[in-house]
Amino acid sequence: MAATTSASTPVTVPATTSVTVPGAAGGAPRPDGRDHLTTDGGARQGGADLWCTYAAVRTLSWLGGAPARPAATAESLLSRQNRDGGFAWQKGLPSDVWATYYSTQALLDLGRGIPHREALLTWVTGIQHRSGGFAMTAGQEPDIWATYYATRVLSEVLRAAVPRAEALAEWLTATQRADGGLGWYPGAGESDVRACYYGATAWRAAFGSRAPGWRTGALAGWLNARQTAAGGFVFDEGSTATCLWATFRAVRALDALGARPAREQDCLAWIDGRQGPGAAFTRWEGYPDADVWASFSAVGALQTLGREPRDRAAVLEFLGRCELPEGGFSYREGSAAGDSLATAALLLTGAAGRADAVPDDERPDDRRPPGPGPGPGADGLARWLRAAHLPYEGGVMYMPGRGAEIRCTLWAVSALAFSGLPGLDAGRLTGWLRRLQNSDGGFGYWHGRASDMVSTVSALEILHQLGRPPEVLDTDALRAFLDSCAADGGGDGSEGGSGNEGDGTAGHRYTPGSPVTCAATAQAARALHLLGDPAAARAAADHLQRYASRIGGYASAPRGVPDLASTYQAVRTRQLLGLPVDGAELRRFTAKLRGPAGHYSWSPLTREAAGPLADALGTLLDRAERLPPLNL
């Protein structure tokens with residue numbers, strides 16, 4: 001896979017995906033893509049999802065249960081550890097603290113030790129920002145998500161003191177806003193229940209019983225004001241959907257502050273109402289399908305309030321059905337666990353064929369998750385994607401019942417537009433993007449995440465496809481973020497360095513403190529073009545020639561091995577800017593990635609089928625006259 005050139009190099013395969021390809025009974029994947037189809041009407045990439053695995057293992061441990069195949073699940077988690085000691089969302093990707101916490105905590109719940117503890121300690125302390133907060137990855141700005149994960153890894157997994165404790169205390173204290181709630185980082189524009197939970201738990205992990213620096217009465221009051229008449233909680237002042245995720249975070253945040261829900265019995269009754277007879281939990285009222293995250297949230301909230309689920313056996317049975325034969329878990333039964341990236345990928349390639357059309361005026365019930373369409377064709381896949389834009393989230397979810405993510409939203413918007421099928425609610429998407437923009441002008445993968453180049457160009461490309469001008473965002477701040485990611489070839493001088501000091505590399509980075517790459521440079525050029533600066537866009541695109549390989553395609557770093565993801569980004573940028581593309585040479589390169597069954601690998605070094613996302617990029621490079629925007 002192209003992303004494996006260096007443990008410190010940003011990769012172009014998404015952190016939320018798996019490149020394991022499921023074949024029937026472990027056999028070769030089918031060339032038509034139908035082995036990826038799921039009974040919910042979508043498609044899946046295959047393999048265990050780390051967040052699902054963590055949530056399932058943690059919930060089982062709370063209930064006194066265990067996976068049926070604990071050794072296989074542990075091996076799946078251990079395979080994600082890198083040489084630097086940190087863990088990645090999947091094998092081969094760089095370390096991030098989100099994946100590191102989930103992997104290490106799940107391993108502890110399974111009774112397994114954590115290898116390479118000294119390297120892990122060095123890696124975690126190395127992502128602490130000079131301000132005291134922690135970043136998700138090296139070179140990124142700190143946010144409260146990452147600070148929560150880092151403090152828990154240090155205190156609970158490694159049993160180590162948090163370094164530069166007073167700086168951390170000041171950073172956490174500065175996340176409190178005038179309304180009493182906590183924001184995603186100091187100076188954030190809104191408070192959020194999740195941020196309150198992450199901040200309060202991080203304080204407890206780092207400082208134990210030491211009194212927080214916040215106005216704790218105001219913080220507890222802000223949290224309790226998020227409790228609805230139904231009894232559960234919403235995420236923020238603008239939310240209307242009472243959900244288990246928000247309720248769990250609110251209950252746990254209050255507990256960390258030594259407080260309780262204002263109407264505790266109403267809260268318990270609402271949580272109980274999310275479990276049907278003989279069933280596990282669902283996230284929202286009226287939402288019919290149980291999932292791992294809802295069960296995790298319900299059990300965690302109930303136990304914090306001194307209760308157990310009414311039907312413990314039903315939860316354990318459901319979690320058992322979510323376990324995969326190869327180890328690890330999905331969010332519901334694997335055969336029904338579609339995801340938006342794989343579904344969009346099959347729609348883009350037409351791999352599943354076409355079924356009877358769905359009338360344009362027929363829409364699924366928005367309170368339901370994606371359900372079976374008219375068949376495995378384009379119309380059924382499109383209906384799944386439209387249904388994944390649930391009314392409770394502004395963007396498209398990676399998996400229904402999970403949070404909205406910007407790359408998944410881009411893939412869904414692009415797949416529907418490319419296929420000429422009815423799209424998503426443009427007004428909701430535009431409002432969501434406005435809220436998602438960070439104070440530094442950039443965008444992160446989801447609400448509250450620090451900014452990166454992939455998410456920032458994705459926001460602009462979503463708006464462009466919706467016919468909305470970039471000016472619906474703060475374009476001055478957005479341009480400033482792009483400029484902060486630019487390198488002039490003389491080294492970046494940022495804290496921690498980029499790995500490019502003095503090498504003369506010019507172009508753009510994934511984040512201001514990370515290395516220059518082909519993909520980030522290509523994405524920056526497109527972003528500058530969409531912001532109406534063709535000269536700057538062309539200047540950025542001129543650097544792409546440094547990444548062109550003599551054997552065809554483009555590499556992540558100069559003189560590196562060309563890969564599918566970098567090549568897609570470079571070719572898409574050249575097309576958008578009207579620069580020539582040698583089609584014959586491009587097809588010679590993609591032929592090196594295409595296996596006998598027609599599936600594509602990420603790198604010519606492997607020739608192994610890499611799943612529906614690689615198939616989508618490879619097929620489009622081979623066949624499409626103009627590439628749709630797809631970022632990873």
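Predicted model, so just to flag it, every value in this text is computed and none were measured. Values reported hereafter were calculated over all heavy atoms of this structure, with side chains retained and with hydrogens, waters and symmetry mates removed.
- Residue Leu632 holds its CG atom at 5.5 Å from CG of Leu617, rounded to the nearest 0.5 Å.
- Between Tyr331 and Trp293, the ring planes are parallel. Angles under 30° get that label, and only those over 60° would be called perpendicular.
- Geometrically, Arg194 engages Trp245 in a cation-pi contact defined by less than 6.0 Å to the ring centre and at most 45° from the axis.
- Look at Glu75 and Arg69 and you find no salt bridge, because none of the NZ, NE, NH1 or NH2 atoms lies under 4.0 Å from a carboxylate O.
- A donor and an acceptor atom, one from each side chain of Asp311 and Gln275, are nowhere located under 3.5 Å apart.
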Handout entry: Evaluation steps, side chain to side chain contact (heavy atoms under 4.5 Å, CB included), between Leu613 and Trp602
Key = CA-CA 10 Å; Leu613 303 193; Trp602 291 114; 4.3 Å; yes
Practice task
Apply ring-ring contact (aromatic ring centres under 6.0 Å, His included) to Trp446 and Trp98, showing your working.
Solution key: CA-CA 13 Å; Trp446 56 80; Trp98 191 35; 4.5 Å; yes
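- A perpendicular orientation is assigned to the rings of His599 and His36, their planes being inclined by more than 60° (bins at 30° and 60°).
- For an aromatic pair to be called close, the ring centres must be under 6.0 Å apart, and Phe318 with Phe281 fails this.
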Practice task
Report the C-alpha distance between Met399 and Cys52 in whole Å, list the side-chain angles of each, state the deciding distance to 0.1 Å, and finish with yes or no for side chain to side chain contact (heavy atoms under 4.5 Å, CB included).
Solution key: CA-CA 10 Å; Met399 296 170 171; Cys52 300; 4.2 Å; yes
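- For Ser103 and Gln81, the side-chain atoms include no donor-acceptor pair closer than 3.5 Å.
- Summarising the geometry of Leu60 relative to Ala66, their closest heavy-atom pair is CD1-C, 3.8 Å, with the distance given to 0.1 Å.
- Side chains of Thr573 and Arg526: a donor-acceptor N/O pair is present below 3.5 angstrom, by distance only.
- Note that the CZ atom of Phe235 and the CZ atom of Arg249 stand 8.5 Å from one another [nearest 0.5 Å].
- Screening Thr137, Asn82, Thr100 for a side-chain hydrogen bond (donor to acceptor under 3.5 Å, both in side chains) with Ser95, the sole residue that qualifies is Asn82.
- Residues Ser603 and Thr606 bring no donor and acceptor atom of their side chains to less than 3.5 Å of each other.
- You'll find the side chain of Leu433 reaches within 4.5 Å of the side chain of Ile406, heavy atoms only.
- In terms of heavy-atom proximity, Gly553 sits nearest to Thr567 at CA-OG1, 3.5 Å.
- By the 4.5 Å heavy-atom criterion applied to side chains, Leu544 and Gln569 are not counted as neighbours.
- A distance of 13.5 Å separates CZ in Arg44 from CG in Leu341, rounded to the nearest 0.5 Å.
- To the nearest 0.5 angstrom, Arg626 atom CZ is 6.0 Å from Leu576 atom CG.
- Residue Asp339 holds its CG atom at 4.5 Å from CD of Gln45, rounded to the nearest 0.5 Å.
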Handout entry: Stepwise side chain to side chain contact (heavy atoms under 4.5 Å, CB included) check, Asp40 with Arg332
Key = CA-CA 11 Å; Asp40 65 352; Arg332 52 191 291 202; 4.2 Å; yes
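- Relative orientation of the Tyr149 and Tyr102 rings is perpendicular, given thresholds of 30° and 60° on the angle between their planes.
- Using modelled atom types and a 3.5 Å distance limit, the side chains of Tyr600 and Asp622 yield a donor-acceptor pair.
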Handout entry: Check against side chain to side chain contact (heavy atoms under 4.5 Å, CB included), Leu564 and Ser601
Key = CA-CA 8 Å; Leu564 175 58; Ser601 63; over 6 Å; no
